[in-house]
Amino acid sequence: MLVRDTLREILKAVLEECRAAGDLLSGSFPPLVIETPADPLHGDFATNVAMQLARTERKAPRAVAAVIAAQLAKSSALFARIEIAGPGFINFYLQPSFWQQQLPAVLAEGCAYGCSATGAGKKVQVEFVSANPTGPLHIGHGRGAAIGDTICRLLAATGWHVSREFYYNDAGQQIANLALSVQARCLGCEPGDPSWPADGYQGDYITELARAYLAGEAVDADGSVVTAAADPTDLEAIRRFAIACLRREQDLDLLAFGVQFDNYFLESSLYTDGLVDKAVQRITDNGYTYEQDGALWLKSTAFGDDKDRVMRKSDGGYTYFVPDVAYHLNKWERGFVRVVNEQGADHHSTITRVRAGLQALAAGVPENWPEYLLHQMVTVMRGGEEVKISKRAGSYVTLRELIDEVGRDATRYFFLMRKPDSQLVFDIDLAKQQSTDNPVYYVQYAHARICRIFESAAESGRHPEAGAGAVALLVAVEELDIMKQIAAFPEIVAAAAENFEPHRITSYLHELASLLHSFYNRHRVLGEDAALTEARLYLLTAVRQILRNGLAILGVSAPEKM
RNA sequence: GCGCUUGUAGCUCAGCUGGAUAGAGCAACGGACUACGAAUCCGUAGGUCGGGGGUUCGAAUCCCUCCAAGCGCGCCA
């Protein structure tokens, strides 16, 4: 059980005891808040319950606090000290033994420490990246990949059965543009020529695709081999070859980034399986459509949208969100009572439309299903200048370049360091520096440092396991601070998972590493006193375990040497 | 014009869902290695929490209103 929950239960029981004894008169108690004060002089934990009760008790907050504090001291041996402070806070100081007892728990649970069973094994699907196969993955996809992947790890750590899905937009206008662009290059056209396709893609990779196609190369993507027909007039063959090539490139980039999916869902399959037509028919049958100006409209205003939206254009084609609705109906029918879509904030407007379409289907889908996790845009700085991102012009930083230049660990950590809601300035020059500017080294160094201490310890025949019985010797401020931080890990993981906020993990790990480094500089681990040495090695074993667990959630390695 | 997100130290960002004197990391300045890795530590300095109202015992946090930035607002995807 989380430390905070333990305290909340104790407090709740004490309040009941006070009421039974006639010391408290309030008929009901407010939700009990156990907070960790910003200032350690205000205790390990504090509660504001006395201030909240002051009104119904018709007494001064501090007087109420006095009653509760007295009963707390009587009821539990957990507290070293209880104080009433400020306007009526009750501050708790826990016994050192309470913190010391956290260590065996960490070692016993090992890589499972920090996990919880909140999800109870229920199914959740997380869709992320879902890039169009019209070019290499860029830095924005990188942020989505890092966040999405970490959310999956967080959900798994909190007891959910996670399925990772990549939605592959292999149908539609953008793919047609891709094929036309490659064909144009095959025919020797260049951007600006009269015959160059409108909205054609101009990146170097298009030229490369054309060359490979004309050379009759073969590409292995997703288990099947596609061989180029080398015929510039065969647009369909060009399309298939280009998609296969880009798909393979994206897969390789994601693999290099440490991101893997359980399922790739092809947009084209929605059409070939008739799911799009079926969804549209069902919405029409439900009476949520009408014809106007030769198009079929969805009455999305019935579900909170600003205006109604066209589903089927006057030329007979569907608008982009229609297959999306069919896709999400399919997710629902696959039994995912919980679905999270991680995507860039520039696609924000799709949320209302997809949800409206799902409601119009009347399939029993909850109104706020699926959940969305949006990340804000990434701007790239290089050489002190902003790099403008434009896929059509072919000017952008690819995820692959980033991994090659910056390294996988630093790239992931950098993407995860701030909350998804904030815009991210990715300074490539800064991230490339393998210096303290990059916090990932700070955290990894703490891990490597512990590993080195263990090497030295082993050489002198001292072993961390032997410290289990000596934890009572760990009473230095720096040691207690570390144990308190250790005890907080499970609730940090829970909060990060619940709020979709990976940056809570990076902040936490940075603090833990900082405490470790401070301790290391202040105290000698391998000292004269054998018992104390073993106790400290035992402490470091727990710290190392948590550094590993935390970094694993981020998908960042925990090196033993650097 | 409308919607979403953001605005906190010179820079990049936290702030535990309304708590006590607002915190880190860079950058600046001054210190600490003849013992476990100095990729580290200790200290100093740095603030009208975008502005203004409101809610209450108490607001960076909640409400209103301005200001500024980013992203959306198509029979494009």
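Protein chains get the first letters and strands the later ones, always in sequence-line order, with residue 1 at the start of each. What's counted below: heavy atoms across the whole structure, side chains too, no hydrogens, waters or symmetry copies.
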Respond yes when some side-chain nitrogen or oxygen of [X] is under 4.0 Å from OP1 or OP2 of [N], and no when none is.
| X | N | value |
| --- | --- | --- |
| A:K313 | B:rA77 | yes |
| A:Y520 | B:rA38 | yes |
| A:S422 | B:rA14 | yes |
| A:R418 | B:rU6 | no |
| A:T319 | B:rA77 | no |
| A:Y442 | B:rC41 | yes |
| A:H503 | B:rG15 | yes |
| A:R452 | B:rC36 | no |
| A:K419 | B:rG15 | yes |

Anti or syn - B:rC4, cut at 90° from 0: anti
According to the Watson-Crick and G-U wobble definitions, with both distances under 3.5 Å, which nucleotide is paired to [N]?
| N | answer |
| --- | --- |
| B:rC11 | B:rG25 |
| B:rU48 | none |
| B:rG72 | B:rC2 |
| B:rG58 | none |

Which atom of A:V556 lies closest to which atom of A:Q444, heavy atoms considered: CG1-NE2, 3.6 Å
For the student: nearest non-hydrogen atoms of A:A54 and A:P61, plus distance: CB-CG, 3.8 Å
Verdict with supporting geometry, A:Y372 and A:H348, ring-ring contact (aromatic ring centres under 6.0 Å, His included): CA-CA 9 Å; A:Y372 282 85; A:H348 178 263; 8.7 Å; no
Nearest-nucleotide pick for A:L526, side chain only, options being B:rA38, B:rC36, B:rG70: B:rC36
Using the [atom1] atom in both, what is the distance from [N] to [M], to the nearest Å?
| N | M | atom1 | value |
| --- | --- | --- | --- |
| B:rG50 | B:rG10 | P | 13 Å |
| B:rA24 | B:rU8 | C1' | 13 Å |
| B:rA9 | B:rG23 | C1' | 10 Å |
| B:rC29 | B:rG46 | C1' | 12 Å |

Pick base, sugar-phosphate or nothing for [X], based on heavy-atom distances below 4.0 Å to the nucleic acid.
| X | result |
| --- | --- |
| A:R55 | sugar-phosphate |
| A:A488 | nothing |
| A:K561 | base |
| A:H523 | base |

Expressed as a whole number of angstroms, how long is the span from [X]:[atom1] to [N]:[atom2]?
| X | N | atom1 | atom2 | answer |
| --- | --- | --- | --- | --- |
| A:D346 | B:rG3 | CG | C1' | 15 Å |
| A:F89 | B:rG19 | CZ | P | 9 Å |
| A:L516 | B:rC42 | CG | P | 12 Å |
| A:R449 | B:rU40 | CZ | C1' | 5 Å |

A:D306 (side chain) and B:rG3 (base): donor-acceptor pair under 3.5 Å: no
Whether A:Y167 and A:Y327 hold their rings parallel, tilted or perpendicular, with breakpoints at 30° and 60°: parallel
Geometric class of the A:Y290/A:W297 ring pair [parallel <30°, tilted 30-60°, perpendicular >60°]: parallel
Residue A:Y168 excluded, over 12 heavy atoms near OH under 6.0 Å: yes
